[in-house]
Each structure stands twice: as structure tokens, then as C-alpha cells.
Amino acid sequence: MKRIISLIKRLAFLGYCTFEIESIIKDAIGIDIISNLSSNQELAVIEHLELYEQLGLNYLNTYSK
């Protein structure tokens with residue numbers, strides 16, 4: 001759960017709004033609530049959040065010059 005919270009904070013820092021982050025989570029597991037997740041759900045959320053974190057970092061690196 002700590003990893004998920006950390007990734008959510010990083011995405012917010014990268015400019016993702018709350019609605020977008022909730023949509024990413026919902027896309028991963030079908031719901032946008034992160035409490036009481038199974039280990040499989042937690043892993044799916046982490047993978048999705050990490051993907052979008054990488055996309056955000058790539059965008060910043062490409063267009064912030």
C-alpha cells in the first residue's frame with residue numbers, strides 16, 4: 001500500500017489530476033478504491049501507476065527543453 005500511495009503522490013507531482021489517477025486505478029482493477037486490495041489487485045495497480053509515471057516522465061523529458 002505504501003508503494004501505491006507513493007506512486008499516486010508522484011503522479012500528482014507530474015501533473016496528473018485526481019480524476020485521472022482514479023481512472024488509472026479503475027482501469028487496472030475495475031474500481032477506484034484502493035483500500036482492502038488483494039495482492040493481485042495491488043500488483044495490478046502498481047504496474048499501471050508505474051506505467052503512467054514513466055509516461056509522465058518521458059513527456060517532461062521530451063517537452064521541457
Side-chain angles (χ1 to χ4, degrees):
M1 185 61 96
K2 286 183 182 182
R3 179 72 178 138
I4 292 173
I5 300 301
S6 173
L7 286 164
I8 289 171
K9 288 179 182 178
R10 289 179 57 88
L11 289 177
F13 179 77
L14 289 170
Y16 289 88
C17 68
T18 303
F19 174 78
E20 291 170 316
I21 295 169
E22 289 173 352
S23 293
I24 293 167
I25 294 169
K26 190 170 186 174
D27 185 50
I29 59 172
I31 57 173
D32 60 2
I33 301 166
I34 58 170
S35 59
N36 301 322
L37 296 178
S38 70
S39 58
N40 287 341
Q41 289 174 318
E42 198 169 313
L43 183 61
V45 169
I46 289 169
E47 288 175 352
H48 266 66
L49 293 175
E50 286 176 341
L51 171 67
Y52 280 88
E53 178 190 29
Q54 191 60 51
L55 290 171
L57 290 170
N58 288 346
Y59 179 84
L60 281 179
N61 287 334
T62 301
Y63 296 104
S64 67
K65 297 177 181 178

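Residues: numbered from 1 along the sequence shown.
- By the criterion of side-chain heavy atoms lying less than 4.5 angstrom apart, applied directly or through intervening Ile, Leu, Val, Met, Phe, Trp or Tyr residues, Val45 is grouped together with Met1 in one hydrophobic cluster.
- A continuous path of Ile, Leu, Val, Met, Phe, Trp and Tyr side chains, each step under 4.5 Å between heavy atoms, connects Leu14 with Leu49, placing both in one hydrophobic cluster.
- The distance from the OG atom of Ser38 to the CD1 atom of Ile29 is 8.0 Å, given to the nearest 0.5 Å.
- Using a cutoff of 4.0 Å between basic side-chain nitrogens and carboxylate oxygens, Arg3 and Glu50 are scored as salt-bridged.
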Would you be so kind as to tabulate the donor-acceptor pairs closer than 3.5 Å made by side chains of residues 5-12, with sequence neighbours excluded?
| residue | atom | partner | partner atom | Å |
| --- | --- | --- | --- | --- |
| Arg10 | NE | Glu53 | OE2 | 2.1 |
| Arg10 | NH2 | Glu53 | OE2 | 2.7 |

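- When all heavy atoms are compared, the tightest approach of Tyr16 to Tyr52 is OH-O, 2.7 Å.
- Residues Glu47 and Leu51 form no side-chain contact, since every pair of their non-hydrogen atoms from C-beta on lies 4.5 Å or further apart.
- With sequence neighbours excluded, the residues satisfying side chain to side chain donor-acceptor pair (under 3.5 Å) with Asn58 are Gln54.
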May I have the list of side-chain donor-acceptor pairs in residues 18-27 shorter than 3.5 Å, sequence neighbours left out?
| residue | atom | partner | partner atom | Å |
| --- | --- | --- | --- | --- |
| Glu20 | OE1 | Cys17 | N | 2.8 |
| Ser23 | OG | Phe19 | O | 3.0 |
| Asp27 | OD2 | His48 | NE2 | 3.2 |

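- Taking both residues in full, the closest heavy atoms of Ala44 and Ala28 are given as O-CB, 3.8 Å, listed atom of the first, atom of the second, then distance.
- A continuous path of ILVMFWY side-chain contacts below 4.5 Å connects Leu55 to Leu57, so both sit in one hydrophobic cluster.
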